[in-house]
Amino acid sequence: LGTRYRLAARTGLAGCIGVTMFDILMITGVLLTATTLTWVTIGAIAASTARIAFSTTTLRPLLLAG
């Protein structure tokens, strides 16, 4: 399609990888520093885990194609 499309696709891919890595970092940080886990914390971790799962299933075909 063109170089602009490839640039946009690569930038989007990098953004998705960045958000996934940030989610993993935040979950790890919370689990290491939280003294007690409330239902709000558990809900946030579940939401982040769901976002990570969605991102990895979406990214896998893109990474294999590129």
Side-chain angles (χ1 to χ4, degrees):
L1 289 165
T3 56
R4 284 187 164 172
Y5 177 77
R6 279 189 234 126
L7 178 62
R10 288 180 184 153
T11 304
L13 186 65
C16 287
I17 291 171
V19 168
T20 302
M21 295 306 292
F22 185 73
D23 271 339
I24 293 170
L25 177 72
M26 288 289 101
I27 289 173
T28 304
V30 166
L31 290 177
L32 290 176
T33 59
T35 55
T36 60
L37 292 179
T38 62
W39 64 271
V40 175
T41 308
I42 293 170
I45 289 172
S48 289
T49 304
R51 189 171 41 234
I52 290 168
F54 177 74
S55 295
T56 53
T57 58
T58 304
L59 288 174
R60 184 171 291 140
L62 295 174
L63 290 173
L64 293 175

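Atoms considered below: every heavy atom in the structure, side chains included; atoms not considered: hydrogens, waters and symmetry mates. All figures in this text were calculated on a predicted structure; none of them were measured in a lab. Each residue takes its place number in the sequence, starting with 1.
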Is Val19 isolated, or which residues cluster with it under the ILVMFWY side-chain rule of less than 4.5 Å, directly or via members? none
Going only through I, L, V, M, F, W and Y residues with side-chain contacts under 4.5 Å, is there a path from Met26 to Leu32? no
From CG (Leu59) to CG (Leu13), nearest 0.5 Å: 5.5 Å
Side-chain contact test, heavy atoms from C-beta onward, threshold under 4.5 Å: evaluate it for Leu25 versus Met21 and give yes or no. no
Pairwise distance OG1(Thr57) to CD1(Ile52) - rounded to 0.5 angstrom: 12.0 Å
Nearest-0.5 Å distance, OG1 of residue Thr20 to CZ of residue Phe54: 10.5 Å
From CD1 (Ile45) to CG (Leu37), nearest 0.5 Å: 5.5 Å
CD1-OG distance between Ile24 and Ser48, expressed to the nearest 0.5 angstrom: 10.0 Å
According to side chain to side chain donor-acceptor pair (under 3.5 Å), who are the partners of Thr38, at least two apart in sequence or on a separate chain? Thr41
